[in-house]
Amino acid sequence: PSPQGVAEEATRKREMRLLKNREAARECRRKKKEYVKCLENRVAVLENQNKTLIEELKALKDLYCRKAD
Amino acid sequence: PSPQGVAEEATRKREMRLLKNREAARECRRKKKEYVKCLENRVAVLENQNKTLIEELKALKDLYCRKAD
Amino acid sequence: LAMAANPRKFSEKIALHNQKQAEETAAFDEVMKDLSLTRALHFKAQQLQLAQSRSNFYGGSLPNVNQIINAPLEFHAAFYS
Amino acid sequence: LAMAANPRKFSEKIALHNQKQAEETAAFDEVMKDLSLTRALHFKAQQLQLAQSRSNFYGGSLPNVNQIINAPLEFHAAFYS
DNA sequence: TTGGGCTGACGTCAGCCATT
DNA sequence: AATGGCTGACGTCAGCCCAA
């Protein structure tokens, strides 16, 4: 193998690695963004459930206290 | 103003902008990381609260049903 | 273990959170589902209390709609039922 | 409005989440705090039920300890009070 | 053990927007 | 209108970690 071909091969190898890592970085950022949105949505859902459960507990408590009379 | 001084001034201006944006990017990434950890911790807290509230609701419901007898 | 609690890949994190959310939502729905009976009794109590509370406005001006649309859902159900 | 619901700066997002979490935790603690009274009644009911249930074993063999240590905490409190 | 897939962190460019 | 502060998105380097 001539030294010229070896150098070109190494260059192509590097470019291929950079290209792959480029696309991988894009997909990784996309997944991370989706994960953050998933977290925010989960927080909102848990917030509503928490609020509903607290109100339900208050109502049930009042109902129980009135039954004690 | 000589053309030499103008070119140097433009170069310094650019380097200053790059330096400022460099530090700003570091702080921004730090804040984003802290925000994500804040979200994850908030999810965990809400998860425990919801679990406790659900168990409490179940217990109160059973207690109320037994009082009806 | 079968699954780590803190995976490295974002896909696994998303899948894990979706799974937990599904379980919690199921438990939440089941608890709130059996509460319809209690809700009925609570409705009756609130309806009586509201009727007694609003009896003072009978024969007066119309109720404020802008306040009603911002009120909790129980009040809407009490009106449209 | 005084504050946007979805700010751009991460600091404001963190502050907003901390504020909401503080409010929710306060409401949660207040609801769970007033439930100690209900818990006490629950304890009495369970205690009576347990006493009535175990009255059949009086004069018989000893209770199974291996079952007791795996039972909920309410049962332990009923024993060590 | 090691190559390759994902991710953390960096610097740079472009763009939004509150402040001036 | 114009400026500067933050952030979104990109490409690159370094490193971890698991399946070959």
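Chain identifiers are assigned alphabetically (A, B, ...) following the order of the sequence lines, protein sequences preceding nucleic acid strands; residue numbering begins at 1 within each chain.
As rounded to whole Å, 17 Å separates atom P of E:dG4 from atom NZ of C:Lys9. Protein atom CG of C:Asn6 is 15 Å distant from nucleotide atom C1' of F:dC17, rounded to whole Å. Summarising the geometry, the separation between CD on C:Glu12 and P on E:dC6 is reported as 10 Å, rounded to the nearest angstrom.
Residues from residues 15-22 of chain A that place a heavy atom under 4.0 Å from any atom of DNA chain F, listed by number: A:Leu18, A:Asn21, A:Arg22. For the segment residues 23-38 of chain A, residues with any heavy atom less than 4.0 angstrom from an atom of DNA chain E are, sorted by number, A:Cys28.
Looking at heavy atoms from C-beta onward, A:Thr11 lies out of side-chain contact with A:Arg14 at the 4.5 angstrom threshold. Counting heavy atoms from C-beta outward, B:Leu53 and A:Gln49 have side chains that stay 4.5 Å or more apart.
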Practice task
For the pair C:Glu30 and B:Ile54, evaluate side-chain contact (heavy atoms from CB on, under 4.5 Å) and give the outcome as yes or no after the intermediate values.
Solution key: CA-CA 10 Å; C:Glu30 189 174 18; B:Ile54 285 180; over 6 Å; no

Run the side-chain contact (heavy atoms from CB on, under 4.5 Å) test on A:Asn41 and C:Gln21 for me, step by step, so that the C-alpha distance in whole Å, both residues' side-chain angles and the decisive distance to 0.1 Å come before the verdict. CA-CA 10 Å; A:Asn41 172 67; C:Gln21 186 164 359; 3.8 Å; yes

Checklist line | CA sep, side-chain torsions, deciding dist, call: A:Glu8, A:Arg12, salt bridge (charged side-chain N to carboxylate O under 4.0 Å, His left out) | finding: CA-CA 6 Å; A:Glu8 288 186 3; A:Arg12 295 177 199 174; 3.3 Å; yes

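Screening residues 24-39 of chain A for side-chain hydrogen bond (donor to acceptor under 3.5 Å, both in side chains), with sequence neighbours left out, gives A:Tyr35-B:Glu40.
A salt bridge does not link B:Lys51 to B:Glu56: none of the charged side-chain nitrogens sits closer than 4.0 Å to a carboxylate oxygen.
Taken to the nearest 0.5 Å, the CG atom of A:Asn50 stands 10.5 Å off from the CD atom of A:Glu55.
Donor-acceptor pairing under 3.5 Å, judged by distance alone, is present between the side chain of C:Arg8 and the base of E:dC6.
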